[in-house]
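Down below is the structure, laid out as structure tokens.
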Amino acid sequence: MDPLNRLQEPLASTGIDAMLITDMSSVGWLTGFSGTYGRAIVTPKEAIFITDSRYTLQAQEEVKNMPTVWFASPTDADEFLAEQLKKLGAQKVGFEGSTTYTQWQKWNQKLGVELSEAPDLVAELRMQKSDDEIDKVRRACVVSDAAFSHIIDFIRPGQTELEVATELEMHIRKQGSEAAFPFIVVSGERSARPHGKPSTKKLENGDFVTMDFGAKVEGYNSDMTRTVVVGEATERHKHVYECLLEAQVESLHAIRPGVLARDVDKLSREILDTNDLAKYFGHGLGHGLGRLVHDSGRLSSTSDNVFSPGQIWTVEPGVYIPGFGGVRIEDDVLITETGIEILTHSTKELLELPKK
């Protein structure tokens with residue numbers, strides 16, 4: 001079913017005349033538009049897409065499921081929006097929870113309608129991916145896997161974290177994709193920083209190197225993490241890595257339709273706790289993945305999300321030991337009718353680089 005029809009179906013029972021979609025990730029999901037400015041007004045039976053004159057031709061090419069209107073300077077964007085709402089006869093208009101207070105104030109002054117924070121219908125719908133969306137994420141994962149295969153032949157002692165991050169991004173771009181987010185490449189003691197930025201630190205023998213990277217294909221993302229060792233791994237390296245890998249693999253085995261996300265998060269911590277490592281795991285086990293890298297859905301100890309076929313999640317436990325280093329292993333998984341399909345296929349064996 002087209003995203004517009006999927007949204008209009010539950011919209012009819014909300015008590016609002018129209019839904020105003022302004023978050024660009026949601027606008028893109030709903031309309032197929034890939035520009036940087038657009039708004040969609042959706043009623044139970046009609047819809048209209050609004051952009052400015054920079055995107056007139058692009059919108060005509062990309063937006064197929066609703067008519068497009070546009071404005072140009074000196075027309076005010078919110079006044080033009082008010083005109084379109086009036087044409088649709090919308091009096092009670094729902095807005096997204098991501099709307100800023102400043103924007104809400106402007107709309108209150110200019111739109112001449114009753115504004116109501118609407119149920120987050122789009123976020124819920126976006127969790128259930130269409131076959132086309134799944135295909136795009138799968139293709140992004142293929143790009144990430146190829147980048148990892150390339151980088152393990154590239155890594156040498158003496159290279160900097162920045163050089164490794166740059167090489168990863170260059171390889172992804174050479175495949176016709178783009179970076180899904182600013183890559184994380186951290187080594188040695190710095191690998192204990194879950195979201196550390198690549199630095200000029202040089203890779204040394206005995207370093208863990210954690211690489212968190214992803215590709216974007218036609219607006220959809222992959223998100224993968226692998227950790228390797230430069231030179232020879234010590235017994236401590238191997239022990240921490242094997243414990244973390246066990247937590248990740250057992251978490252993957254536990255995911256299936258109907259299971260609560262928080263229960264899987266709990267399982268990963270229980271496994272790590274048997275080796276006194278859970279205290280070094282401070283973030284959630286994963287998140288939804290799609291048009292955003294951190295898309296709708298949280299795999300954490302407080303999550304109320306329930307796994308359902310068509311959802312795509314990351315599963316990424318991590319252990320971060322100050323003064324020693326950190327390990328994170330992350331895969332992207334599709335929820336199927338009976339379990340999961342792992343979309344990232346790079347080896348999770350502890351690699352000692354450069355290869356011997």
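The chain is numbered in sequence order, starting from 1. Computed from a predicted model, the values in this text were never measured in an experiment. For the numbers below, each heavy atom of this structure counts, side chains included, while hydrogens, waters and symmetry mates do not.
Nearest heavy-atom pair across A147 and I172 is CB-CG1, 3.8 Å. In plain terms, the two heavy atoms of D145 and H345 that are nearest each other are OD2-N, 2.9 Å. Nearest heavy atoms, A77 versus F71: CB-CZ, 3.5 Å.
With contacts defined as side-chain heavy-atom distances shorter than 4.5 Å, the pair I152/K355 qualifies. Contact annotation: the side chain of P309 never approaches that of T336 to less than 4.5 Å [non-hydrogen atoms, C-beta and beyond]. You'll find the side chain of V228 stays beyond 4.5 Å of the side chain of L350, heavy atoms only. Using a 4.5 Å heavy-atom threshold, the side chains of E349 and L351 count as touching. Using a 4.5 Å heavy-atom threshold, the side chains of R226 and I329 count as touching. At least one side-chain heavy atom of V69 sits under 4.5 Å from a side-chain heavy atom of Q84. Residues L121 and T14 are in side-chain contact: their nearest non-hydrogen atoms beyond the backbone lie under 4.5 Å apart. No side-chain heavy atom of I312 sits under 4.5 Å from any side-chain heavy atom of M127.
Note that OG of S130 and CG of D135 are 9.5 Å apart. Values are rounded to the nearest 0.5 Å. Here CD of E61 is found 11.0 Å from OG1 of T56. Values are rounded to the nearest 0.5 Å. Taking CD1 from I335 and OG from S308, the interatomic distance works out to 8.5 Å, rounded to the nearest 0.5 Å. The line from CD of E189 to CD1 of I321 is 11.5 Å long, rounded to the nearest 0.5 Å.
Comment: D304 engages R262 in a salt bridge, judged by a side-chain N to carboxylate O separation of less than 4.0 angstrom. Ion pairing of R138 with E341 is present here, as a side-chain N (NZ or NE/NH1/NH2) and a carboxylate O approach within less than 4.0 Å.
Partners of R173 under the salt bridge (charged side-chain N to carboxylate O under 4.0 Å, His left out) rule, at least two apart in sequence or in another chain, are E169. Under the side-chain contact (heavy atoms from CB on, under 4.5 Å) criterion, P157 pairs with N205, V230, P354, not counting sequence neighbours. Residues that satisfy the side-chain contact (heavy atoms from CB on, under 4.5 Å) test with L252, not counting sequence neighbours, are Q248, V315, D331, V333, I340, I342, K348. Under the salt bridge (charged side-chain N to carboxylate O under 4.0 Å, His left out) criterion, D78 pairs with R39, sequence neighbours left out. Remark: E9 engages M1 in a side-chain contact (heavy atoms from CB on, under 4.5 Å) (not counting sequence neighbours). By the ring-ring contact (aromatic ring centres under 6.0 Å, His included) test, W29 pairs with no residue at all, sequence neighbours left out. Taking Q58 as the reference, F33, S34, Y55, E62 meet the side-chain contact (heavy atoms from CB on, under 4.5 Å) condition, with sequence neighbours excluded.
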task = With side-chain contact (heavy atoms from CB on, under 4.5 Å) as the test, would you mind laying out the steps for L7 and L125 before giving the verdict?
result = CA-CA 7 Å; L7 176 58; L125 291 170; 4.1 Å; yes
query = Between T210 and T227, is a side-chain hydrogen bond (donor to acceptor under 3.5 Å, both in side chains) present by the stated rule, with each step listed?
reply = CA-CA 4 Å; T210 295; T227 301; 3.0 Å; yes
task = Give the intermediate values and the outcome of salt bridge (Lys or Arg N to Asp or Glu O under 4.0 Å) for residues R291 and D295.
result = CA-CA 7 Å; R291 292 195 69 90; D295 215 325; over 6 Å; no
task = Carefully, step by step, assess D207 and K201 under the rule salt bridge (Lys or Arg N to Asp or Glu O under 4.0 Å).
result = CA-CA 11 Å; D207 279 353; K201 178 196 173 299; 2.7 Å; yes
ask   = Does the side-chain contact (heavy atoms from CB on, under 4.5 Å) test come out yes or no for D223 and E330, once each step is laid out?
value = CA-CA 8 Å; D223 184 7; E330 176 184 21; 2.9 Å; yes
query = Do E133 and R126 pass the salt bridge (Lys or Arg N to Asp or Glu O under 4.0 Å) test, and can you show the C-alpha distance, the side-chain angles, and the key distance before you say yes or no?
reply = CA-CA 10 Å; E133 291 176 297; R126 278 173 49 188; over 6 Å; no
inquiry  = Is there a salt bridge (Lys or Arg N to Asp or Glu O under 4.0 Å) between D132 and K136? Walk through the geometry before answering.
reply    = CA-CA 6 Å; D132 180 60; K136 289 171 182 175; 3.1 Å; yes
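Using modelled atom types and a 3.5 Å distance limit, the side chains of D332 and T314 yield no donor-acceptor pair. Between the side chains of E316 and T225, no donor-acceptor pair of N or O atoms lies under 3.5 Å.
Counted within 6.0 Å of CZ on R139, heavy atoms from surrounding residues, nucleotides or ligands total more than 12; the atom is thus considered enclosed. No more than 12 heavy-atom neighbours from other residues, nucleotides or ligands sit within 6.0 angstrom of CD on E337. Counting heavy-atom neighbours within 6.0 Å of K64 NZ, excluding the residue itself, gives a total above 12. Within 6.0 Å of the CG atom in N5, the count of heavy atoms belonging to other residues, nucleotides or ligands exceeds 12.
Judged by distance alone, with hydrogens and angles left aside, the side-chain atoms of Q8 form a donor-acceptor pair with the main-chain N or O of T43 at under 3.5 Å. In this structure, S251 contributes its side chain and A247 its backbone to a donor-acceptor pair below 3.5 Å. Under the 3.5 Å distance criterion, the side-chain polar atoms of N305 are left unmatched by any main-chain donor or acceptor of A261. Remark: the backbone N or O of A215 is paired with a side-chain donor or acceptor of S222 at under 3.5 angstrom. Between the T51 side chain and the Y37 main chain, a donor and an acceptor come within less than 3.5 Å of each other. Q159 places a side-chain N or O within donor-acceptor distance of the main-chain N or O of R156, the cut-off being under 3.5 Å.
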Give every donor-acceptor pair under 3.5 Å between a side-chain atom in residues 276-283 and any protein atom, sequence neighbours left out.
| from | atom 1 | to | atom 2 | distance (Å) |
| --- | --- | --- | --- | --- |
| D276 | OD2 | K279 | NZ | 3.2 |
| H283 | NE2 | Y320 | OH | 2.7 |

Taking distance alone, no hydrogens or angles, what donor-acceptor pairs closer than 3.5 Å link side-chain atoms of residues 85-97 to residues at least two apart or in another chain?
| from | atom 1 | to | atom 2 | distance (Å) |
| --- | --- | --- | --- | --- |
| E96 | OE1 | T22 | N | 2.7 |
| E96 | OE1 | T22 | OG1 | 3.4 |
| E96 | OE1 | D23 | N | 2.9 |

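Each of D265, D273, L267 was evaluated against R269; a single residue qualifies, D265, per the side-chain contact (heavy atoms from CB on, under 4.5 Å) test. A side-chain contact (heavy atoms from CB on, under 4.5 Å) with L81 holds for exactly one of V113, D76, L111; it is L111.
Residue pairs meeting the ring pair (Phe, Tyr, Trp, His ring centres under 6.0 Å) criterion with at least one member in residues 117-147: none, sequence neighbours excluded. Judged as a ring pair (Phe, Tyr, Trp, His ring centres under 6.0 Å), the pairs with a partner in residues 188-231 (not counting sequence neighbours) are, in order, F208-H237, F208-F324. Residues in residues 145-164 take part in these ring pair (Phe, Tyr, Trp, His ring centres under 6.0 Å) pairs, two or more places apart or across chains: H150-H171.
Within the 6.0 Å centre-distance limit, the rings of W313 and F307 are counted as a close aromatic pair.
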